[in-house]
Amino acid sequence: MPLTLYNTLTRRLEPLRPRDPRRVTFYTCGPPVYDDAHIGNFRSFLAADVLRRFVESPLCELEGIGPGPRTVVHVMNITDVGHMTDDDQADGGGEDKMAVAGRRLLEQKKSGKLPAGVALDPNNPYDIARFYTMRFLDDAKKLGLKVAIEQERDPTLMPRATANVPGMIALVGTLIERGHAYVVGSAGSRVVYFHVPSFQAYGALSGNTLDALREGAGGRVASENQSGKRHPADFLLWKEDSTHVMKWDSPWGAGYPGWHIECSVMSAARLCGESGVLDPDALVRLRVPDAHPIIDIHSGGEDNIFPHHECEIAQSACAFNTSHAGPYAGMWFHPRFLFVEGAKMSKSKGNFFTARQLYSPAPDGKGIEPAAIRLELIRTHYRSNANFTEQGLRDSARMVERWRRFRDAALAGRGEGDAGARRACRDAFAAALQEDLNIAGALGELNGWIGRVEAPVPADAALLREIDAVLGVLELEPPSSAQTDIGVFIGCEADPAVLAKLNERVAAKKAKDFARSDAIRAELAGMGYQIKDVAGGKVEVRRG
RNA sequence: GGCCGCGUACCAAAGUGGUCUAAUGGAGCGGAUUGCAAAUCCGUUGGCGUAAGCCUUCGUCGGUUCGAAUCCGACCGCGGCCUCCA
C-alpha cells in the first residue's frame, strides 16, 4: 500500500502524489528567531523531518511510482523579521518582538547571564536574529533535523526572511496589479491589504470562510483597526512605518512586510526554480497552471492553519496560478501541539522547556542525550496531542540504549541470521509508516523483531541502519563520556568531589565495608549522581 | 456561537468487523545474576481454576450484525483552533 497522509485541506487520508516523483518539494514554516526554540517547536519540525526522511527512504512506496529512494527538497525558512506582539490581522499593533528580545538580552547581559564570548549588540535587531539563528541551528543539528545539516552545504534550503524582502515587495506589487490587494492611507502611513473576497477559495483550509468569520468575529476584530479596510478579514501585506526597528524601502514607503507574505515568497522562490533561487523578477513571472500545486507538501504547527496558511494560500494562488485558484500545496501536513506533563506548555506553569535546556549538561541543563529527546518527540502520532513527560523521556532513553546494544551485538555477530524475519520486520515497519505515519505501530514492529532475534548478525545491523535513516535516532551523537581510571562519566563532568567519594567507596568495598560503600552511593544520589558498577571494576556515573 | 480532534489495561501507546485480555515500551511481580544495588536475561501481570476451560474488559447508554475496542446514534468527559503561539 502506498504512502497516505491526512491532508488538512481535504480532511481526508490521501496518497501523496508529487508532481515530479524524482524531486518532491516540501516547505516547512520554520522558527521565528527572537528566542530559543522550545520542544513544542521541535516536535513539529521533527515530525516534518521524519516525513521527509521516510519519503526519501527505499522503504517508502508512492502511489503509481513504487518504492524509493528519491530526492526530497526540503526548505525551512527562518523568520528573522520581528513581527508585532499584537499582530492581529488588522494593522500590526503592539511592539516589535525583536525589540522585546533585545530588552531581554540587554538585561541578561547586565546580569552576566549571557554566555561568555557572545558579541552581541542588544539594540541591533540583526544581531539578535543572528544570535538566535545560530542557536536554533545548533539545536536542530543536535536533534538530527536533516534540513539544518544540509543547509551547511546549501544555505538556500533555509532562507532568511530579511534576505527576501525584495521578493516580497515584488509579490505585493503583483497582487496589487492583479486586483487582489490595495493601498490605503497617505504617504507616511500607507498600508497595503490583501482583499480576501477577491479569492474564492478563502477558508477552504481552515473552515473559516468569510461567512464563518463574520459570525465568529464576536467583536474580536477591533473596529479601530478596521479603518480603511474594505473587508474585516483583509490582512496586511505591507505597512509603512519609518519608526520600525527593521525597515525597508518600498513603493509604499519605508516599512515592513506582513507576516504571511514571506512564506509565499520563499517557498516558490526556492522550490519552483529547478535549482537555486528565483530572483524577484523571475518570481513575479512565475505562472503555475490552475489546480496544480505549486509545492508538493507544506507543513507547520496546527496553529498555523489559520490565519497563516489560509492567507498564504490566498497570496500564492492569486500571485502564481493562472486564474488565481489554489491549492498552492498538494498536501497540507499539520502536527498537533505537544503537552508537557499533561498540560499545555506555558512559562507560567513551569512546564516550558527549550531543547537546549534538556540536552545541555548539568547544572545548566538536564543532560538528557539528544537521541532520547528526539525519540520522545517523534514516537507519538503526529496528529495526536503528545504528552511530553519525564517518565516518557526515561522510556525513550532506555529504548535508545536497547537499540544501541542490539546494533553493537549485531555488528560483532557472525552468520546470515534470519532473512525471513528481517524481511517481515522491514515490510511491517514500512507498512505502518505508509499509513499516515503510524510511528507507534512501526516502533512496535521494530521492537518486537529486536526482541525475537536471539543472535543478531551484521545483516540485522544493516536493516536497523535502514530503519534508523527514517527515525534518525541512532545516528545522533551518543552522550559524551569522560573516562578516568575509576569511573566513566556519561553526560557530566568528572567532578573532583565525586571522584573523592568514588575512591573512598572503592576502598570501602575492598575492605568489605559494604555499609560504608552503600552510604557513599546514597550520598552521591543525594548530590544528583546515579552510579552503577560495570565490568572492569569501573563505576558508571550519570547525572540525574 | 462556528470548525476540528480525542477518550484502550498501572502509565504511555498500537489495534478500526471474527485469529482481541488487546502489539510494543515502561512500571510491577517471580526467578537467574550481584556483597547489596543498577544494568542484563527468562517468566509473569483482568477474575475463577492444578489444568483444559469458563466469565469479564477497550468513556457511558442504546442500535446495526451470526459476531464490535473496531460501524451508527445519543450522552458524558477532555482538548485544539476561530486572536500572538509549532
Side-chain angles (χ1 to χ4, degrees), chain A residues 6 8 11 28-32 35 37-48 83-90 92-95 97 203 205-209 211-218 220-222 233 259 299-308 310 334-339 342-346 375-377 379-389 391-402 405 428 432 435 438-451 454 508-509 512-515 517-518 521-522 525 530-535 539-540 542:
Chain A
Y6 183 86
T8 310
R11 296 175 186 79
T28 294
C29 281
D35 205 346
H38 54 70
I39 53 176
N41 300 99
F42 274 110
R43 147 123 147 133
S44 157
F45 299 147
L46 290 175
H83 293 294
M84 309 308 279
T85 51
D86 301 330
D87 195 8
D88 62 13
Q89 72 272 47
E95 191 179 6
K97 287 173 182 168
L205 183 72
S206 64
N208 289 325
T209 57
D211 286 347
L213 279 174
R214 202 170 297 132
E215 284 169 19
R220 281 191 173 103
V221 181
W259 72 289
S299 86
E302 60 172 322
D303 55 314
N304 281 160
I305 295 169
F306 190 89
H308 184 51
E310 196 72 76
H334 289 108
R336 294 193 170 273
F337 272 130
L338 180 75
F339 284 59
K344 191 173 171 180
M345 190 162 46
S346 76
L375 180 57
E376 175 65 5
L377 288 173
R379 69 199 267 232
T380 306
H381 189 86
Y382 74 95
R383 279 193 297 120
S384 302
N385 288 120
N387 188 13
F388 188 90
T389 62
Q391 178 65 51
L393 215 38
R394 277 195 294 272
D395 291 2
S396 295
R398 292 188 58 152
M399 214 185 289
V400 172
E401 281 170 20
R402 189 158 163 246
R405 268 202 312 278
E435 258 181 72
N438 178 358
I439 192 154
L443 292 177
E445 299 292 347
L446 172 62
N447 283 321
W449 170 66
I450 285 177
E454 284 180 15
K509 280 183 65 158
K512 302 233 179 276
D513 183 356
F514 295 123
S517 76
D518 290 353
R521 186 166 60 204
Q530 303 300 323
I531 64 170
K532 67 181 187 188
D533 297 316
V534 293
V539 179
E540 196 178 285
R542 284 171 193 270

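Proteins come first, then strands; the chains are lettered A, B, ... in the order of their sequence lines, and each starts at number 1. Atom set for the values below is all heavy atoms of this structure, side chains included, hydrogens, waters and symmetry mates excluded.
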**Q** Does a nitrogen or oxygen in the side chain of A:Asn438 sit under 4.0 Å from OP1 or OP2 of B:G15?
**A** yes
**Q** Side chain to side chain contact (heavy atoms under 4.5 Å, CB included), that's the test. Do A:Thr389 and A:Arg394 meet it? Break it down for me.
**A** CA-CA 9 Å; A:Thr389 62; A:Arg394 277 195 294 272; over 6 Å; no
**Q** Here's a test for you: under side chain to side chain donor-acceptor pair (under 3.5 Å), which of A:Thr8, A:Thr28, A:Asn304 qualifies with A:Ser299?
**A** A:Thr28
**Q** Touch check for A:Lys509, heavy atoms < 4.0 angstrom, all strands: base, sugar-phosphate only, or nothing?
**A** base
**Q** Kindly express the pairing pattern of RNA chain B in dot-bracket notation, using | wherever a base pairs with another strand and counting only Watson-Crick or G-U pairs under 3.5 Å.
**A** ((((((((.[[[..)..(.....]]]((((((.......))))))(((....)))...[[[[[..)....]]]]])))))))....
**Q** What pairs of nitrogen or oxygen atoms, one from the protein and one from nucleotides 78-81 of chain B, lie under 3.5 Å apart?
**A**
residue: B:G80; atom: O2'; partner: A:Glu302; partner atom: OE1; Å: 2.9
residue: B:C81; atom: OP1; partner: A:Lys344; partner atom: NZ; Å: 2.9

**Q** Using the C1' atom on both, measure B:G46 against B:C42 and round to a whole Å.
**A** 24 Å
**Q** What is the separation between atom CD on A:Gln530 and atom P on B:A37, rounded to the nearest whole Å?
**A** 16 Å
**Q** Is there a donor and acceptor pair, one atom on the side chain of A:Arg521 and one on the base of B:C36, closer than 3.5 Å?
**A** yes
**Q** Once each nucleotide of nucleotides 23-33 of chain B is scored for protein heavy atoms under 4.0 Å, what B/S/- sequence comes out, 5' to 3'?
**A** BSBSS------
**Q** Using the C1' atom on both, measure B:U21 against B:C55 and round to a whole Å.
**A** 12 Å
**Q** Within 45° of the axis and under 6.0 Å from the centre of the six-membered ring of A:Tyr6, does NZ or CZ of A:Arg383 qualify?
**A** yes
**Q** Using a heavy-atom cut-off of 4.0 Å across all strands, would you classify A:His381 as base, sugar-phosphate, or nothing?
**A** sugar-phosphate
**Q** I want to confirm an ordering. Mapping A:Ser44 and A:Arg405 to their closest nucleotides on RNA chain B, which one lands closer to the 5' end?
**A** A:Arg405
**Q** On a plain distance test, is the side chain of A:Arg43 in donor-acceptor contact with the base of B:A86 below 3.5 Å?
**A** no
**Q** Can you list everything that forms a side-chain hydrogen bond (donor to acceptor under 3.5 Å, both in side chains) with A:Glu376? Sequence neighbours excluded, please.
**A** A:Arg379, A:Ser396
**Q** Output the rounded distance in Å from CG (A:Asp35) to C1' (B:A86).
**A** 14 Å
**Q** On a whole-Å scale, what distance lies between the P atoms belonging to B:G67 and B:G18?
**A** 14 Å
**Q** Looking at every strand, decide which applies to A:Gly40 at a 4.0 Å heavy-atom threshold: base, sugar-phosphate, or nothing.
**A** base
**Q** Please work out if A:Thr389 contacts a base, only the sugar-phosphate, or nothing of the nucleic acid, heavy-atom cut-off 4.0 Å.
**A** nothing
**Q** If I pick the C1' atom on B:C58 and the same atom on B:C66, what distance separates them, to the nearest angstrom?
**A** 22 Å
**Q** For a quick check of understanding: with a heavy-atom distance under 4.0 Å over all strands, which category does A:Leu446 fall into, base, sugar-phosphate or nothing?
**A** nothing
**Q** Which part of the nucleic acid, if any, lies within reach of A:Pro32 when heavy atoms closer than 4.0 Å are counted: base, sugar-phosphate only, or nothing?
**A** sugar-phosphate
**Q** Tell me what A:Asp533 touches on the nucleic acid: a base, only sugar-phosphate, or nothing, going by heavy atoms under 4.0 Å.
**A** base
**Q** Check residues 438-450 of chain A and write down every donor-acceptor pair under 3.5 Å in which the side-chain atom is one partner and the other belongs to a residue at least two apart or another chain.
**A**
residue: A:Asn438; atom: OD1; partner: A:Gly441; partner atom: N; Å: 2.9
residue: A:Asn447; atom: OD1; partner: A:Trp403; partner atom: NE1; Å: 3.0
residue: A:Asn447; atom: ND2; partner: A:Leu443; partner atom: O; Å: 3.3

**Q** Under 4.0 Å, counting only non-hydrogen atoms across every strand here, what does A:Asn304 touch: a base, just sugar-phosphate, or nothing?
**A** sugar-phosphate
**Q** Please enumerate all residues that pass side-chain hydrogen bond (donor to acceptor under 3.5 Å, both in side chains) together with A:His308, with sequence neighbours excluded.
**A** A:His260, A:Glu312
**Q** Using atom C1' in both nucleotides, what's the gap between B:A22 and B:A14 to the nearest angstrom?
**A** 10 Å
**Q** Could you give the distance separating B:C4 and B:A74 at their P atoms, to the nearest angstrom?
**A** 14 Å
**Q** Considering only the P atoms, how many Å lie between B:U70 and B:G62, rounded to the nearest integer?
**A** 14 Å
